[in-house]
Amino acid sequence: MVKSKIAGIGMYVPQRVVTNNDLLKYMDTSDEWIQERTGIKERRYAHRTEETTTTMGVEAAKIAIERAGITPQDIDFIVFATLSPDYYFPGCGVLLQRAMKMKEIGALDVRNQCSGFLYALSVADQFIKTGMYKNILVVGSEKHSFGLDFSTRGRNITVIFGDGAGAVVLQPTEDPNRGILSSHLHSDGESAEILAMYNPGTHANHWTNEPVAEFDNAEIGQMFLSHAIIDKAQVFPNMDGQAVFKKAIIKFPEVIMESLSVNGYSTADIKVLIPHQANLRIAQFVQQKLKLRDDQVYNNIQKYGNTTAASIPIALCEAWEEGKIKEGDLVCLAAFGSGFTWASALMKW
Ligand SMILES: CC(C)(COP(=O)(O)OP(=O)(O)OC[C@H]1O[C@@H](n2cnc3c(N)ncnc32)[C@H](O)[C@@H]1OP(=O)(O)O)[C@@H](O)C(=O)NCCC(=O)NCCS
């Protein structure tokens, strides 16, 4: 049976390192608070004008494509996951297709936030398994630094997030000891507003009892983005951190166990678990709950913060570059985030 394997992987993080202490310039916070609650020591911020979500994705993609031993012209489909796109529309997929001078192939954007990369990987996996495509580029990239609230008001969210990109090339394999064994996708929109950026959007306060946006008094239009929304700073993400935390520590273990049991494995069989890098405390909780050893869980949030759709491919790439993942190893990827959506993928590397 044909499965898909990761034939090449790459990552890119911007040069600018921003430490916790650097953030003190903008908001009332502390290195101690951030490290204690999240494990984060520093993160990267993209160059304000020279780097975008797409350009970082391109840098990661170049490495993944080269490592797969192919050229950009060999790619026959793009899946690009991000919540911080260059444009509201069109998506980053077509911008990457243009920047990398690829053929007139399909380009799909995925908007599943922290689970974005796993949703993208799962979509690509299906196209490979059906035989429709042979070389699919899957990218996760974020330029959070452009859209965060750097005043004290936004500190609970802003200190967590960082910029970066990761990419993989998926190819078919018939080797029984390699490839993606299964992927598992879930959602529960009941708490959609708990971690969300409402504006710009067409919601018109339809979904909540308390208005989440203020609109100008106008006969027509001005509901997507208004002067009032900007004046009242309603253009930033909102998060109830504790609610996210509580749900994440239930759903992470659940979706990891789902991937293992479907394939007849136990936690002892995992060589490396790459959890989405949301918060070191969440990853540690999951590790404890599943009784995994330190060497079975890979974390690098300390250096990069939460890079949302990019966090799994960045961590997977670093783990592989450090020699922690070898051919045939059982690797589990798992994510939870805004939506809520959560997902896992189990593979033999
Ligand atoms: C965000 C998170 C770190 C906050 O930690 P917490 O222990 O829940 O903290 P709280 O939100 O209850 O806030 C506690 C206090 O710290 C303050 N605080 C919030 N952010 C702060 C910051 N960056 N620096 C200093 N103090 C901060 C709050 O104002 C609050 O003060 P108060 O007690 O005087 O009201 C934590 O909830 C979390 O990580 N949740 C998961 C979020 C996540 O993973 N999101 C990504 C989605 S995948």
Side-chain angles (χ1 to χ4, degrees), residues 6 8-18 22 40 42-68 72 75 77-102 107-121 124 136-148 158 160-170 197 237 274 276-278 300-321 335 337:
I6 293 182
I9 184 162
M11 61 173 275
Y12 174 81
V13 287
Q15 290 215 317
R16 184 177 168 202
V17 176
V18 177
D22 290 337
I40 299 164
E42 58 190 40
R43 73 285 294 139
R44 303 295 179 98
Y45 284 172
H47 189 284
R48 281 183 69 73
T49 54
E50 285 170 20
E51 291 182 311
T52 74
T53 295
T54 302
T55 70
M56 289 189 288
V58 167
E59 294 308 316
K62 279 183 197 164
I63 298 167
I65 289 170
E66 196 191 324
R67 284 176 173 166
I75 296 293
F77 194 59
I78 300 162
V79 193
F80 199 122
T82 186
L83 67 68
S84 50
D86 294 23
Y87 296 136
Y88 193 88
F89 72 83
C92 291
V94 298
L95 302 181
L96 179 138
Q97 181 272 342
R98 176 175 69 184
M100 298 193 79
K101 300 185 172 44
M102 288 171 167
L108 173 70
D109 274 54
V110 165
R111 296 190 49 182
N112 282 77
Q113 298 70 251
C114 299
S115 316
F117 183 78
L118 291 189
Y119 268 74
L121 191 73
I136 303 185
L137 177 67
V138 183
V139 181
S141 181
E142 305 286 359
K143 185 179 174 182
H144 286 308
S145 58
F146 230 54
L148 295 167
T158 300
I160 296 177
F161 291 97
D163 300 344
V168 300
V169 171
L170 276 198
M197 186 166 138
I274 310 270
H276 159 56
Q277 301 293 288
N300 62 5
I301 191 170
Q302 300 90 332
K303 292 190 288 181
Y304 304 126
N306 178 343
T307 56
T308 312
S311 95
I312 287 182
I314 287 177
L316 185 61
C317 186
E318 280 205 342
W320 174 75
E321 286 174 354

Side chain to side chain contact (heavy atoms under 4.5 Å, CB included) evaluation trace for M102 with I65: CA-CA 12 Å; M102 288 171 167; I65 289 170; 4.0 Å; yes
dist M11:CE -> E59:CD (nearest 0.5 Å) comes out at 12.5 Å
All heavy atoms of N306 vs all of I301, minimum pair found to be N-CG1, 4.1 Å
Original post:
Within a strict 4.5 Å, meaning less than it, do heavy atoms of the F77 and L108 side chains meet?
Top reply: yes
Nearest heavy-atom approach of A81 to A120 is CB-CB, 4.2 Å
Check this for me: R67, atom CZ, are more than 12 non-hydrogen atoms of other residues, nucleotides or ligands nearer than 6.0 Å?
yes
Exercise. Flag the pair L121 / I312 as yes when at least one side-chain heavy-atom distance between them is below 4.5 Å, and no otherwise.
Key: no
So NE2 of H276 and CZ of F117: to nearest 0.5 Å the spacing works out to 13.0 Å
Correct closest heavy-atom pair for A167 and P313 would be N-CB, 4.0 Å
All heavy atoms of P90 vs all of V94, minimum pair found to be CB-CG2, 3.9 Å
Rounded to the nearest 0.5 Å, the SG atom of C317 sits from the CD1 atom of I63 at a distance of 7.0 Å
**Message:** Could you check whether any side-chain heavy atom of Q277 comes within less than 4.5 Å of a side-chain heavy atom of I314, counting everything from C-beta outward?
**Reply:** no
Would you say E321 has more than 12 foreign heavy atoms packed within less than 6.0 Å of its CD?
yes
What one should report as the nearest heavy-atom pair of V139 and G57 is CG1-CA, 3.8 Å
Distance col, row L83:CG vs C114:SG, nearest 0.5 angstrom, shows 7.0 Å
Residues passing the side chain to side chain donor-acceptor pair (under 3.5 Å) test with E142, sequence neighbours excluded, are T82, S84
Test side chain to side chain donor-acceptor pair (under 3.5 Å), reference H144, set T308, D163, T53, output is T308
M100 side chain reached by I78 side chain, heavy atoms, under 4.5 Å:
no
ask   = Passes side chain to side chain contact (heavy atoms under 4.5 Å, CB included), T307 versus R43? Steps please.
value = CA-CA 9 Å; T307 56; R43 73 285 294 139; over 6 Å; no
Discussion item. Under a 3.5 Å distance rule, please check whether R16 uses its side chain to pair with a backbone N or O of Y45 as donor and acceptor.
Written reply: no
Closest heavy-atom pair, P14 versus R44, reported as atoms and distance to 0.1 Å, is O-NH1, 2.8 Å
Residue pairs meeting side chain to side chain donor-acceptor pair (under 3.5 Å), one or both in residues 86-95, sequence neighbours left out, come to T52-D86, T54-D86
dist I75:CD1 -> L170:CG (nearest 0.5 Å) comes out at 9.5 Å
Rounding to 0.5 Å, atoms CD (E51) and CZ (R48) come to a distance of 12.5 Å
